[in-house]
Amino acid sequence: LVLPNARKTDASEAERALELASPTKLFTRPLVVTYSLQIVLSLIQGVAMAVWTLYMLDRGASLFLIGLSFTTFALPVILLAPVAGRLSDLYGRYRTLIFGLFLSSLIFYLYSAPITPLWVVILSIPEGVGAAFTRSAVDGLLADVMPMQAKGRVQAYYSAAGSLGSFIGATASGLVYVFGSGVPFFLEATLFLISAMLLFLPFLRRVFQIRPDSITLPLSEELEERIPEGIIQI
């Protein structure tokens with residue numbers, strides 16, 4: 001038998017789920033910032049898919065060096081992603097993301113310079129480091145701010161934002177490549193730098209100030225001590 005108060009509880013939970021799944025709850029300020037950051041980070045994927053091989057060939061790279069450049073980028077991401085995620089939990093998504101954006105923008109500016117293929121391969125290592133930190137921070141921010149009753153829809157919008165960023169990056173880089181092989185990376189570096197500077201704005205910085213009870217997983221005692229009391233959730 002189903003008790004009346006149990007039915008009432010189920011109904012209230014269903015109403016709560018519908019409320020959190022409404023469009024206004026799926027596009028709160030923290031979620032919009034997260035979607036936007038996902039677009040920015042995914043732009044470079046589109047650039048790499050569209051012009052990276054041509055960029056390396058124009059600099060005289062062999063097929064071996066082209067393949068090696070992907071390896072030297074991927075290894076830091078694979079090895080440092082858990083470390084970057086841990087640091088993001090301990091010191092906050094904000095600091096981790098700022099560090100990754102500034103590092104990535106520096107590397108992209110160097111890519112836009114007339115450097116040799118060997119230097120491109122070497123610079124792919126710190127690029128992978130920057131990618132590990134930026135990606136772990138943005139993915140962690142999504143976990144912090146998403147309404148748990150609408151995880152599927154929020155994740156779908158997040159994935160769509162990534163696809164949109166890749167599409168824009170691939171299309172734009174193909175169009176501007178005719179002006180110079182380094183132009184797509186110069187523009188990407190500038191966009192990353194602007195994004196990092198915008199995050200210093202107070203209303204954007206507050207997005208990263210998450211109350212302990214809004215974290216999706218239980219906090220460790222060490223992390224609880226690092227979160228100030230009385231922070232108001234945006």
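Every heavy atom of this structure was used, including side-chain atoms; hydrogens, water molecules and symmetry mates were not. Counting begins at 1 with the first residue of the sequence.
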Do the side chain of [X] and the main chain of [Y] share a donor and acceptor less than 3.5 angstrom apart?
X    : Y    : value
S88  : A84  : no
S104 : L101 : no
T72  : S69  : yes

Q: For this output row, return yes or no: ring centroids of Y111 and W52 closer than 6.0 angstrom.
A: yes
For the atom pair [atom1] ([X]) and [atom2] ([Y]), what is the distance rounded to the nearest 0.5 Å?
X    : Y    : atom1 : atom2 : answer
L68  : L63  : CG    : CG    : 12.5 Å
L43  : L187 : CG    : CG    : 10.5 Å
Q45  : I168 : CD    : CD1   : 13.0 Å
L164 : Y35  : CG    : OH    : 13.5 Å
L87  : L80  : CG    : CG    : 9.5 Å
L142 : Q155 : CG    : CD    : 5.5 Å

Q: I would like to know whether Y177 and Y55 meet ring-ring contact (aromatic ring centres under 6.0 Å, His included); could you show each step before the answer?
A: CA-CA 9 Å; Y177 194 85; Y55 165 83; 7.4 Å; no
Could you list the donor-acceptor pairs under 3.5 angstrom formed between side-chain atoms of residues 188-203 and any protein atom two or more places apart in sequence or on another chain?
{"unit_1": "T190", "atom_1": "OG1", "unit_2": "Y109", "atom_2": "OH", "d": "3.0"}
{"unit_1": "T190", "atom_1": "OG1", "unit_2": "F186", "atom_2": "O", "d": "2.9"}
{"unit_1": "S195", "atom_1": "OG", "unit_2": "L191", "atom_2": "O", "d": "2.9"}

If I compare all heavy atoms of [X] with all of [Y], which pair ends up nearest, and what's the gap?
X    : Y    : answer
G182 : S112 : O-CB, 3.2 Å
S181 : R59  : OG-NH1, 2.7 Å
V47  : P184 : CG1-CB, 4.1 Å
M56  : P117 : CE-O, 4.3 Å
V121 : L65  : CG2-O, 3.7 Å
G46  : S173 : O-OG, 4.2 Å

Q: Kindly give the cluster partners of L175, where membership spreads through any ILVMFWY side chain lying under 4.5 Å from a current member.
A: none
Q | T28 and V145: CA distance, side-chain angles, deciding distance, side-chain contact (heavy atoms from CB on, under 4.5 Å) verdict | A | CA-CA 9 Å; T28 60; V145 302; 5.9 Å; no
